[in-house]
Amino acid sequence: MDVPLTTLLGYSLIESAFDIMKLLVLVLLATAVLAKHEIYQGWKSYYLGPSTTVQLSTLATLFDQYEVDVLSHPVLQREGVVLVKPEFQGPFTKALDTVGINYRVHADDVKKALDIDDENIAKKKQQSRTRNNGAQLPYDNYQELDVIYEYLRNVAAKYPDTVTLVQPASTFEGRPMYYLKISTTNFEDESKPVIFIDGGIHAREWISPPSVTWAIHKLVEDVTEPDLLERFDWILLPVVNPDGYSFTFSHSRFWRKTRSTDQHSLSYLCPGVDGNRNYDFAWNTVGTSNNPCTDIFAGGSPFSEVETRVVRDILQEYLHRTALYLTMHSYGSMILYPWGHDGSLSHNAFGLQTVGVAMAEVIDSKSLPNFPKYIVGNSALVLNYAASGAAEDYAHSIGVPLSYTYELPGLSSGFEGFHLNPIYIEQVVQETWDGIVVGARRAGDLFPGRK
Ligand code: 0X9
Ligand code: ZN
């Protein structure tokens, strides 16, 4: 090959300078990653497999006693995953042994496991940026808030005839909240039932927002069920809690609550309210706490949080024609319905169970063999704990006939790290969409709106 020496020299110099820069970036990245998660030094996580209802009830007491952080609630025949502080690992496992509850270590060193998760995410981030060229929202990795928001703005700009971007409020820390209204008739045809889906109220449940953005994708970008767009008006709010969601990327992977500091005299030390205890339904009566330092702090009053007020206002505005409300959580492979504060059943329990089972059946039929089968039922009965002030109960209490909490799959045997392995994101969002399709059609048949 006849290449001038100067060019060759020039290229190799540029290349090596580039390599040094890449190395520097990697070192900086690694240092930043290592500096994170310090608070989880010495923590361990455990799989728990209670085998009787008595053991399940005992667990609830042990969780309180040993300040256990429950990432995924154990139920009968379904292991859960919990985080335990160093000082309580001895007494907690001893108590488990005493009552005969099966357990095994999930992560022996939570901080190390989180560092590995971060490294994997950073590696994937590089790959997916180049592959997708910023055009579409990638589903091979968990996305930070700015990427999700850019996607929402892009979709609205690209499909102005059907998609409207709404910014109803700003969060406690001043971030915008966004939702999309998707309609072929600009929400003006009052005879159409409305379907409302939200996600990300619990910041650390990372599989939730993509399940909502995928629904957007299927409604406008890759339409395989055109009837759903013709028949319904859709409201999609992928991240109810943007402050908390951002915090799980920047500071603390296991952050669950909002980030407000105005709810209690201790809120500056312990910010945040559990959004799913903040709705005005039997507020702060069961499965909640007045202590802002817990993860189930109900807030100073119902709807103290701007984030839950936004969801309330959407529910109220379209109440007269909302047929189906879904709020996406993780983990557990469950479809849960009211009433979650006492385990009693609503007037529409039969409809809730039937449509819930129909959604679960189609999801299970599309699922992978290593994924658990969906459990459908009343929130409090399935989870074996009652909790008041939850979104799905509030929506149903004001009149939404079909209202569900989805606990999406993840974090059980065969899954890695502290979220569903990113290789399964696409699988989960696709199968969840199949569930949504069935739920929407059933809701439309049962509650067709005004004709
Ligand atoms: O406890 C919750 O808020 C939900 N589980 S999670 O692990 N995602 O935190 C379940 C809510 C169930 N619904 C009611 N209690 N109504
Ligand atoms: Zn949740």
Side-chain angles (χ1 to χ4, degrees), residues 152 155-156 159-169 177-201 208-209 211-220 223 225-240 279 281 307-328 335 337-338 346 348 351-352 354-356 358-359 390-406 432-433 435-451:
L152 298 181
V155 174
Y159 300 92
D161 291 343
T162 43
V163 183
T164 312
L165 177 72
V166 184
Q167 187 189 332
M177 288 185 70
Y178 286 130
Y179 63 87
L180 294 186
K181 287 166 72 173
I182 301 178
S183 169
T184 52
T185 45
N186 198 28
F187 270 72
E188 281 160 10
D189 182 350
E190 287 278 321
S191 73
K192 281 189 180 180
V194 168
I195 295 174
F196 175 21
I197 308 177
D198 72 35
I201 191 167
S208 164
S211 72
V212 185
T213 52
W214 186 259
I216 296 168
H217 172 66
K218 291 301 295 174
L219 285 168
V220 291
V223 184
E225 287 84 16
D227 60 307
L228 294 187
L229 203 54
E230 288 304 322
R231 252 175 110 181
F232 304 98
D233 283 346
W234 294 81
I235 298 176
L236 299 146
L237 199 179
V239 190
V240 175
Y279 288 80
F281 176 79
E307 294 83 358
T308 54
R309 289 200 296 274
V310 164
V311 177
R312 172 197 67 188
D313 292 349
I314 297 170
L315 287 167
Q316 293 285 358
E317 186 173 356
Y318 300 102
L319 187 57
H320 56 295
R321 58 188 179 106
T322 300
L324 175 66
Y325 168 64
L326 305 177
T327 181
M328 299 303 195
I335 296 178
Y337 56 78
S346 90
N348 194 34
L352 285 161
T354 318
V355 177
M359 294 192 285
E392 128 245 349
D393 283 336
Y394 173 74
H396 196 52
S397 76
I398 61 170
V400 176
L402 295 168
S403 176
Y404 299 93
T405 299
Y406 263 64
T432 307
W433 170 248
I436 295 170
V437 170
V438 166
R441 288 184 181 144
R442 292 282 184 121
D445 294 345
L446 287 168
F447 305 98
R450 273 182 273 146
K451 280 274 169 276

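All values derive from a computational prediction rather than experimental measurement.
Between Val355 and Leu446, the closest heavy-atom pair is CG2-CD1, 3.7 Å. When all heavy atoms of Ala156 and Leu180 are compared, the pair lying nearest together is CB-CD2, 4.4 Å. The two residues Lys218 and Trp433 make their nearest non-hydrogen contact at CB-CE2, 3.4 Å. In terms of heavy-atom proximity, Tyr406 sits nearest to Met328 at CB-SD, 3.3 Å. Ile195 and Ala440 make their closest contact through CD1-CB, 3.3 Å (heavy atoms, listed as atom of the first residue, atom of the second, distance). Closest approach of Tyr337 and Ser403 over heavy atoms only: CB-O, 3.7 Å.
Side chain of Ser208 to backbone of Gly199: no donor-acceptor contact under 3.5 angstrom is found.
Rounding to the nearest 0.5 angstrom, the gap separating the CD1 atom in Ile197 from the CG atom in Leu219 is 7.5 Å. With rounding to the nearest 0.5 angstrom, the CD1 atom of Ile314 is 5.0 Å from the CG atom of Leu237. Considering CG of Leu402 and OG1 of Thr322, their distance stands at 11.0 Å, rounded to 0.5 Å. With rounding to the nearest 0.5 angstrom, the CD1 atom of Ile436 is 9.0 Å from the CE atom of Met359. In this structure, the separation between CG on Asp233 and OG1 on Thr184 is 7.0 Å, given to the nearest 0.5 Å. Atoms OG1 and CD, on Thr185 and Glu190 in that order, are 10.0 Å from each other to the nearest 0.5 Å.
In this structure, Tyr404 has no ring-ring contact (aromatic ring centres under 6.0 Å, His included) partners at least two apart in sequence or on a different chain. Residues forming a ring-ring contact (aromatic ring centres under 6.0 Å, His included) with Tyr325 (at least two apart in sequence, or on another chain): Phe196.
The closest side-chain heavy-atom distance from Asp227 to Arg441 is below 4.5 Å. Side chains of Pro238 and Leu152 form a contact here, defined as non-hydrogen atoms less than 4.5 Å apart.
Using a 3.5 Å distance cut-off with no hydrogens or angles, the side chains of Lys192 and Ser183 do not pair a donor with an acceptor. A donor atom on one side chain and an acceptor atom on the other are found under 3.5 Å apart for Glu392 and Thr405.
Exactly one of Ile398, Asp393, Val311 qualifies for a side-chain contact (heavy atoms from CB on, under 4.5 Å) with Tyr279. That residue is Val311.
Using the six-membered ring where Trp is involved, Trp234 and Phe232 have ring planes that are perpendicular, over 60° apart on the 30 and 60° scheme.
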